[in-house]
Amino acid sequence: MSGIRRANTIARTFQRSLATLNNAPPAGKPPTAIVMLNMGGPSTVPETHDFLKNLFSDGDLIPLPFQSVLAPLIARRRTPQIEKQYEDIGGGSPILKYTRLQGERMAALLDELHPATAPHKAYVAFRYANPLTDVTAKEMKADGVKRAVAFTQYPQYSCSTTGSSLNELYRRGKVGDFDGVEWSVIDRWGTHSGFVEAMAQNIERSLAKFPEEARKDAVLLFSAHSLPMSVVNRGDPYVAEVAASVNAVMDRLKHSNPYRLVWQSQVGPSAWMGMQTGDAIKGLARLGRKNVVLIPIAFTSDHIETLFELDMEYAHEGKELGMHVERAEALNDSPVFIRALADMASTHLRDYAVGRIGPTSIQMGLRCPGCTNATCGAQRAWFERGGR
Ligand SMILES: C=CC1=C(C)c2cc3[nH]c(cc4nc(cc5[nH]c(cc1n2)c(C)c5CCC(=O)O)C(CCC(=O)O)=C4C)c(C)c3C=C
Ligand code: FES
Ligand SMILES: [Fe+2]
């Protein structure tokens with residue numbers, strides 16, 4: 001081999017190793033992108049203000065009059081309190097760490113489960129924290145992505161969560177960020193058997209912490225982030241879908257314990273879906289219930305609502321009321337859950353490739369009967385055309 005050829009070979013090998021280190025796809029075939037959608041959270045305490053500013057600026061989540069003026073003011077006022085909560089849970093939200101881990105492990109499984117669309121690469125697109133959608137779009141472009149799946153990481157669909165992320169993808173698409181990319185959507189999966197199994201196993205692990213005689217009477221308190229009644233009453237499907245998840249998990253547990261679905265984390269003075277988790281714990285204590293398992297059913301990794309609200313506030317209150325309170329672990333790095341994600345994505349890719357499904361689900365096509373947000377309609381039409 002000539003000196004120059006050897007130098008080129010060494011350079012190519014070096015580039016390939018660098019690409020592997022960066023989790024980049026091998027040169028040649030661009031990756032199939034699996035874009036993990038979620039709200040995100042501040043990875044460090046100083047990022048809290050920007051996270052809140054983005055959140056309060058989102059008219060799909062919180063429609064405010066004079067939004068661009070009010071959002072920064074509300075964010076600034078709320079920042080110290082929320083910063084303190086992120087400090088108390090260890091200095092930031094673990095959502096980015098877990099979403100990346102779940103995505104990377106899922107993509108590796110996908111290469112085995114569905115080689116026809118390999119290589120697969122997971123991208124994270126957060127709505128309110130880094131990496132935001134525009135940053136992710138640039139990464140996808142640099143990788144030469146031509147085929148992408150928008151994969152919501154909210155198990156149950158709400159227009160304030162998944163709907164907001166899809167609207168944001170659509171807006172970026174309209175300004176050309178995804179030109180040449182063919183999109184399809186996984187928009188909800190709250191009763192997928194692997195998700196249900198992972199939740200059930202985490203509940204069983206919590207139940208095992210009770211003395212045997214207390215175990216069967218322990219109340220399973222499924223707790224989900226609440227929704228304003230204005231959202232519920234315009235026909236948002238989230239409340240019904242969370243209830244469907246609870247029912248599926250209870251079927252899997254063979255209804256071994258009594259249970260309730262309750263709602264947490266309401267913000268502001270308007271009416272929200274109840275009963276509130278905190279009140280439910282107090283009520284159960286009053287009725288003489290001594291054993292409770294708190295179960296975060298609507299989020300796939302730890303966040304302030306599990307680590308702060310459930311663990312530090314409610315579990316603490318319960319203990320003060322003389323109760324034994326356990327909290328089921330969030331799904332985080334659960335291998336059962338990661339396999340479930342890979343199963344959902346591979347089934348979707350296969351069904352799409354053979355024309356068994358289109359770019360969007362049938363259910364996604366139906367807007368909330370009370371919807372007056374024109375973007376929701378335009379977004380669906382755009383995804384139904386495969387993002388074109
Ligand atoms: C499925 C989960 C969630 C739904 C549904 C949801 C709806 C919703 N949320 C707000 C307002 C706020 N949410 C905030 C934080 C926050 N929300 C969720 C999840 C859902 N929200 C999570 C997981 C988090 C915390 C992120 C973390 O890292 O822990 C906040 C900011 C915190 C605060 O100021 O209290 C607000 C505000 C509305 C209005 C809404 C439905 C319309
Ligand atoms: S608010 Fe649900 S479709 Fe627009
Ligand atoms: Fe929220």
Side-chain angles (χ1 to χ4, degrees), residues 37-45 47-49 51-64 71 74-86 88-90 92-99 126-129 152-167 187-188 190 223-239 241-242 245 263-273 296-311 330 363-380:
L37 305 176
N38 213 329
M39 61 185 301
S43 296
T44 59
V45 175
E47 290 168 74
T48 305
H49 171 262
F51 165 71
L52 290 178
K53 193 168 132 223
N54 291 337
L55 190 146
F56 284 104
S57 301
D58 179 8
D60 296 330
L61 181 78
I62 310 175
L64 292 170
I74 300 174
R76 185 145 313 141
R77 208 187 47 204
R78 216 172 158 76
T79 296
Q81 179 198 341
I82 305 299
E83 274 184 346
K84 168 88 179 52
Q85 295 182 1
Y86 281 112
D88 288 351
I89 66 163
S93 166
I95 188 169
L96 180 58
K97 178 183 98 178
Y98 283 124
T99 309
F126 282 156
R127 188 68 188 85
Y128 311 122
T152 186
Q153 295 303 299
Y154 300 100
Q156 305 88 6
Y157 181 93
S158 168
C159 285
S160 56
T161 55
T162 299
S164 169
S165 284
L166 294 175
N167 283 353
D187 63 335
R188 69 200 76 207
S223 184
H225 193 300
S226 187
L227 269 193
M229 286 315 290
S230 56
V231 177
V232 178
N233 289 338
R234 76 177 172 223
D236 191 276
Y238 171 79
V239 167
E241 292 194 14
V242 177
S245 295
W263 307 89
Q264 65 175 91
S265 318
Q266 64 177 63
V267 198
S270 64
W272 285 63
M273 183 70 200
I297 185 74
F299 221 67
T300 55
S301 56
D302 273 318
H303 49 287
I304 36 178
E305 267 117 51
T306 51
L307 299 169
F308 187 86
E309 223 175 313
L310 289 182
D311 293 356
Q363 178 68 337
M364 182 174 149
L366 182 65
R367 285 167 65 190
C368 302
C371 174
T372 54
N373 181 351
T375 308
C376 299
Q379 173 254 106
R380 281 163 175 76

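Remember, it's a predicted structure, so these values are computed and weren't measured experimentally. Atoms within each ligand, like the ligands themselves, are counted from 1 in listed order.
Minimum interatomic distance between Pro94 and Asp302 (heavy atoms only, all atoms of both residues): CG-O, 3.4 Å. The shortest heavy-atom contact between Ser265 and Trp272 is O-CZ3, 4.5 Å. For the residue pair Gly163 and Gln379, the shortest heavy atom distance occurs at O-NE2, 4.1 Å. The minimum heavy-atom distance linking Val242 with Trp263 is given by the pair CB-CH2, 4.0 Å. Listed here is the closest heavy atom pair of Cys159 and Arg380: SG-NH2, 4.3 Å. Nearest approach of Pro155 to Ala298, heavy atoms of both residues: CD-O, 3.8 Å.
Panel note: side chain Tyr154, backbone Met39; a donor-acceptor pair is recorded below 3.5 Å. Here the side chain of Ser164 pairs no donor or acceptor atom with the backbone of Ser160 at under 3.5 angstrom. At distances below 3.5 Å, at least one donor-acceptor pair connects side-chain atoms of Glu241 with backbone N or O atoms of Tyr157. The closest donor-acceptor contact from the side chain of Arg127 to the backbone of Thr161 lies at 3.5 Å or more, if one exists at all. Looking only at distances, a side-chain donor or acceptor of Thr48 sits under 3.5 Å from a matching main-chain atom of Val45.
Ring pair Phe51/Tyr128 is perpendicular by interplanar angle, where above 60° counts as perpendicular and below 30° as parallel.
Atoms of ligand 1 lying under 4.0 Å from at least one heavy atom of Met39, given by number and element, are 15 (C), 16 (C), 17 (N), 18 (C), 19 (C), 22 (C), 23 (C), 24 (C). Listed by number with element, the atoms of ligand 1 under 4.0 Å from a non-hydrogen atom of Phe299 are 23 (C). Under a 4.0 Å criterion applied to the non-hydrogen atoms of Ala298, ligand 1 contributes the atoms 1 (C). The atoms of ligand 1 that sit less than 4.0 Å from any heavy atom of Ile62 are 39 (C). Below 4.0 Å from some heavy atom of Leu227 lie the following atoms of ligand 1, by number and element: 5 (C), 41 (C).
Protein contacts to atom 4 (Fe) of ligand 2 involving N, O or S atoms at a distance below 2.8 Å are Cys371 SG, Cys376 SG.
Comparing heavy-atom distances from atom 3 (C) of ligand 1 across Gln266, Gln81, His225 singles out His225 as nearest. Residue nearest to atom 33 (C) of ligand 1, selected from Gln156, Arg78, Met273: Arg78 (by heavy-atom distance).
Of the heavy atoms in Tyr86, only side-chain atoms (C-beta onward) come closer than 4.0 Å to ligand 1. When non-hydrogen atoms are compared, ligand 1 lies under 4.0 Å from the side chain of Ser93 (C-beta onward) but not from its backbone.
Ligand 1 lies within reach of Pro228, whose nearest heavy atom is under 4.0 Å from it. For the ligand labelled ligand 1, residue Leu55 lies inside the 4.0 Å heavy-atom shell.
The single protein non-hydrogen atom nearest to atom 25 (C) of ligand 1 is Glu305 OE2, 3.6 Å, given as residue, atom name and distance. Protein heavy atom nearest atom 40 (C) of ligand 1, with residue, atom name and distance: Leu61 CD1, 3.5 Å. Nearest non-hydrogen protein atom to atom 11 (C) of ligand 1 is Val267 CG2, 3.8 Å. Nearest to atom 4 (C) of ligand 1 among the protein's heavy atoms is Thr161 CG2, 3.5 Å. Taking atom 29 (O) of ligand 1 as the reference point, the nearest protein heavy-atom neighbour is Ile304 N, 2.5 Å. Of all protein heavy atoms, the one closest to atom 31 (C) of ligand 1 is Leu52 CD2, 3.7 Å.
Considering backbone and side-chain N/O of Trp272, none are found under 3.5 Å from N/O of ligand 1. For the pair His303 and ligand 1, the shortest N or O to N or O distance does not fall below 3.5 Å. An N or O contact shorter than 3.5 Å is missing between Ser160 and ligand 1 by distance.
A distance of 10.5 Å separates CE of Met273 from OH of Tyr238, quoted to the nearest 0.5 Å. Summarising the geometry, atom CG belonging to Asn167 is positioned 11.0 Å from atom OG1 belonging to Thr162; distances are rounded to the nearest 0.5 Å.
Using modelled atom types and a 3.5 Å distance limit, the side chains of Gln264 and Ser223 yield a donor-acceptor pair. Looking at Gln156 and Ser245, their side chains do bring a donor and an acceptor atom within 3.5 Å of each other.
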